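One structure is given here, and the rest of the page talks about it.
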There are 2 protein chains.
Amino acid sequence: MARGENRPVTVRMIAEHVGISPAAVSTVLANRHEERRLAPATVERIRQAVRELGYVPNVAARRLRAHDPEVRHMELGILTSFEAPLFLVSRALRELQRSVDQRTAPDRRFSVSIDMFHAGRLREMPGLLSASRYNGVIISNTLPADDAFLTATTLPYAVVVQGRRLANYSCVLETPGVGGRRAAEMLLAGGRRQPAVLIPALLTQTTADRAESFCAAVRELTGRDAARISAADFTPASGAAALRSHLEAEPRCDGLFAVTDTLALGAYHAIKAARRTVPGDVAVVGVGDHEHADFFDPPLTCVGPVYDQVVAEIVALLFNLMSRRRVHPTEVFVPPTVARRASA
Amino acid sequence: MARGENRPVTVRMIAEHVGISPAAVSTVLANRHEERRLAPATVERIRQAVRELGYVPNVAARRLRAHDPEVRHMELGILTSFEAPLFLVSRALRELQRSVDQRTAPDRRFSVSIDMFHAGRLREMPGLLSASRYNGVIISNTLPADDAFLTATTLPYAVVVQGRRLANYSCVLETPGVGGRRAAEMLLAGGRRQPAVLIPALLTQTTADRAESFCAAVRELTGRDAARISAADFTPASGAAALRSHLEAEPRCDGLFAVTDTLALGAYHAIKAARRTVPGDVAVVGVGDHEHADFFDPPLTCVGPVYDQVVAEIVALLFNLMSRRRVHPTEVFVPPTVARRASA
DNA sequence: CAGAAGAGCTAAATCGATTTAGGCTCAAGT
DNA sequence: ACTTGAGCCTAAATCGATTTAGCTCTTCTG
């Protein structure tokens, strides 16, 4: 395997290698050699060369040439991190697809895809800066490092950021300062005296805000500080581990705000393992408008924005940006609501 | 909004509209008019025209022109249906990304994205047939209609199909005929006399096989037929509803094989709502190597292939196909294993 | 007033693949 | 001997955007 000097293999290179025209190579690659009557021997030589040289088609070139010039094609993407739960993203995608299906016309088509980056390393995403991949994107689940990168950059296409405020970007997010407060109020109104918040080590802006507003509200309403329990990541396992330690250190803990549903699942496990009950011994409030929260045992009381509404706002904004009907960055806030179930 | 005769707006059209060269328009679009010293008035006229005409850049053209000719770019996709749970897909994506990160070199980059289709309507996916979107794809969660479409077609790029056998495609799937049998054996060995299987209305091939092999094994081992409980879809809610009816009609039901984890979650709910216990009154076996199954209450015993192994096989196959080291379709079977937990 | 400097813009090549129209050879038919 | 046709292949245009090299005109300098 030679490296370095070997540029990507093109149709032209194959043609030269075989001593034939690019047209013939293209014909074979498209499997149209029969109708175009290429000699079987030639076809074989071309195929051989294709294999030997390790040809990989350039999809951009193919698309450019192949597309119907009557149809305009819009490429939309949802960018999220590998580390984030895909669940919300899939709802966003579904909703985006719905909007897009409505707008699809004979002369107007859309492609929607999900792309993922490693949390905190959005800047390394290939093609992010080049405007050569998307007509518009939704960016979600960024960490502060990603936010800093975005703020320092201007992406040359339509962007809507979900779940955080960023200078110069259009953003859709939960009204800040409210979610955590609602959770705190619920727990305290339920007579809990030792409320704690369970958070992952890496916080997105919205998650951090939830934790902050929770702690602020607890302090304001009780004069004491809420415990902050830090889990290694978002998984139930790390949530369970973190809560287990906490319950040992602080046995009087009687109320919990878990900032993701996966952490809440782990928390349930730890609470039950410690032979306590939800909500009898420990009340739990989760986050979001989770489609499975009803099936937690007990069903999980949640605080969060109605997700469909968030997505609808995002999609509307994105299309306005792409059509340039809106030029300046806009912030849209969706207030969190409480879905009262059995856990608090 | 005129329709029909209006072809997509190109840079050239804007240039003609303004009475200037395409180069100038391109300069403005790239926001490089300062360094290239375009007159502010001209810039404004161009911007105006861009807005008026509703210009949408052609990303394929941009990419073709913009890319570094030293670097070969491979586009990989994971195709799955909107209706399927995204959870497994996200693991596949993560694993694919890992492989891809390893293979990334200065002269070799990859893009990986998830694309979704409506279950049963894969054929409507734009760009599927044209070879102008992907260098290689993994197709997952297809329904019989999609399978039929695929069998009748030859996609002009590397394809690996997950979870079903299709003529002329390379496939990776759970060893057929085994998973359901294991589930049946476990339930029967646990002394269950009235085992049932809970399935969604729309069955993928693997899911259907699990249900079949379960029923076959029950019949073989007991001489009686297992009950088939059909849920409207994959959601916990529909699983709960279906099982509720079943428990009313068939109160002696004491063992359940739920073919997806979401259905199992719904099943737990219905069983508890009927004031029965898992596994005391009803033992439950789920499917897969689910990262959250440990945190179900009680933890869910599962039958299924080790998912990481499945993904590893898929990725290996895909790369072999793309490099043309393997030309003929191959089938890879991954045997299901049992993860024994508390529910059965 | 010649020449330089700069402002403002354009022509044309280019990215990689596809496809249309047509060219050349040789054999068969008249 | 001349046409016809089949077989096999090529030249060149094309998709839409970007960029380099360079052109023209004005203004300023010495």
Side-chain angles (χ1 to χ4, degrees), chain A residues 7-16 18-46 50 53 55-75 129-133 135 156-157, chain B residues 7-16 18-46 50 53 55-75 129-133 135 156-157:
Chain A
R7 291 171 61 118
V9 180
T10 66
V11 166
R12 173 191 301 269
M13 286 166 65
I14 296 169
E16 279 164 10
V18 177
I20 206 170
S21 78
V25 176
S26 177
T27 299
V28 171
L29 287 171
N31 266 316
R32 308 183 57 181
H33 47 276
E34 308 255 294
E35 65 184 89
R36 300 230 184 107
R37 296 183 311 230
L38 282 203
T42 313
V43 172
E44 208 28 70
R45 271 159 57 224
I46 293 173
V50 164
L53 300 181
Y55 171 70
V56 176
N58 179 321
V59 293
R62 277 204 177 150
R63 266 216 273 179
L64 175 58
R65 184 58 233 251
H67 83 137
D68 178 344
E70 295 285 325
V71 177
R72 85 193 67 187
H73 227 284
M74 321 264 283
E75 296 281 333
L129 293 172
S130 64
S132 57
R133 196 169 173 82
N135 296 112
Y157 43 86
Chain B
R7 290 171 62 116
V9 180
T10 66
V11 166
R12 172 191 301 267
M13 286 166 67
I14 296 169
E16 279 165 12
V18 178
I20 205 170
S21 79
V25 176
S26 176
T27 299
V28 172
L29 286 171
N31 266 315
R32 308 184 57 181
H33 46 279
E34 306 256 292
E35 64 183 90
R36 301 229 185 107
R37 297 182 312 229
L38 282 203
T42 313
V43 172
E44 209 26 70
R45 271 160 57 226
I46 293 174
V50 164
L53 300 182
Y55 172 70
V56 175
N58 179 321
V59 293
R62 277 201 176 151
R63 266 216 272 178
L64 175 57
R65 183 58 230 250
H67 84 137
D68 178 344
E70 296 284 324
V71 178
R72 84 195 68 189
H73 226 286
M74 321 265 283
E75 298 280 334
L129 293 173
S130 63
S132 57
R133 196 169 175 83
N135 296 112
Y157 43 85

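The model shown is predicted, which means the values in this text are computed figures rather than measured ones. Quick note on labels: first sequence line is chain A, next is B, and so on, each numbered from 1.
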inquiry  = Applying salt bridge (charged side-chain N to carboxylate O under 4.0 Å, His left out), can you list everything that pairs with R32(B), at least two apart in sequence or on another chain?
reply    = E35(B)
query = Taking only residues two or more places apart in sequence or in another chain, which ones pass salt bridge (charged side-chain N to carboxylate O under 4.0 Å, His left out) with E16(A)?
reply = none
ask   = Is atom CZ of R12(A) surrounded by more than 12 heavy atoms (other residues, nucleotides or ligands) closer than 6.0 Å?
value =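 No.
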Round to the nearest Å and state the distance from [X] atom [atom1] to [N] atom [atom2].
X       : N       : atom1 : atom2 : result
L53(A)  : dG16(C) : CG    : P     : 15 Å
E70(A)  : dC15(D) : CD    : C1'   : 13 Å
R62(A)  : dT14(D) : CZ    : C1'   : 17 Å
N135(B) : dG16(C) : CG    : C1'   : 13 Å
M74(B)  : dG16(C) : CE    : C1'   : 16 Å
E75(B)  : dG16(C) : CD    : P     : 15 Å
I20(B)  : dA7(C)  : CD1   : P     : 17 Å
I46(A)  : dT10(D) : CD1   : C1'   : 12 Å

Name the closest nucleotide to the [X] side chain, picking from [options].
X      : options                   : value
S21(B) : dT10(C), dC9(D), dA17(D)  : dT10(C)
T42(A) : dG16(D), dC9(D), dA17(C)  : dC9(D)
T27(A) : dA17(D), dA17(C), dT19(C) : dT19(C)
R65(B) : dT18(C), dT19(D), dT18(D) : dT18(D)
P69(B) : dT18(C), dG16(C), dG16(D) : dG16(C)
A61(B) : dG16(D), dT18(C), dT10(C) : dG16(D)
L64(A) : dG16(D), dA17(C), dT10(C) : dG16(D)
H67(A) : dT10(D), dT18(C), dG16(D) : dG16(D)

task = Estimate the overall bend of the helix from dC1(C)-dG30(D) to dT30(C)-dA1(D) from the end axes over five pairs each, rounded to 10 degrees.
result =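 Comparing the axis at each end, I get an angle of 70°.
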key: E75(A)/R62(B) ion pair, N-O < 4.0 Å   = no
message = With heavy-atom distances below 4.5 Å as the criterion, would you say the side chains of Y55(B) and L29(B) are in contact?
response =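 Side chain of Y55(B) against side chain of L29(B), heavy atoms only: contact under 4.5 Å found.
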query = H67(A): what forms a side chain to side chain contact (heavy atoms under 4.5 Å, CB included) with it, not counting sequence neighbours?
reply = N58(B)
request  = Output all residues satisfying side chain to side chain contact (heavy atoms under 4.5 Å, CB included) with R45(A), sequence neighbours left out; order by chain, then residue number.
outcome  = V18(A), T42(A)
query = Near DNA chain D, under 4.0 Å by heavy atom, which residues of residues 30-41 of chain B?
reply = R32(B), R36(B)
key: P57(B) backbone acceptor or donor facing N135(A) side chain under 3.5 Å   = yes
query = With a 4.0 Å cut-off on heavy atoms, is T10(A) in touch with a base, just the backbone sugar-phosphate, or nothing at all?
reply = sugar-phosphate
query = Quick one: NE2 on H73(B) to CG on D68(B), what's the gap to the nearest 0.5 Å?
reply =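 Going from NE2 on H73(B) over to CG on D68(B), the span is 9.5 Å.
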Spatial distance of atom CZ (R63(B)) from atom CZ (R63(A)) [nearest 0.5 Å] =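 Answer rounded to 0.5 Å: 5.5 Å.
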Phosphate-side-chain proximity, Y55(A) and dA17(C), N/O vs OP1/OP2 below 4.0 Å =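 Yes, because at least one side-chain N or O of Y55(A) sits under 4.0 Å from OP1 or OP2 of dA17(C).
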key: Short side-chain N/O contact to dG16(D) OP1/OP2 from R12(B), under 4.0 Å   =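 So the side-chain polar atoms of R12(B) never come under 4.0 Å of the phosphate oxygens OP1 or OP2 of dG16(D).
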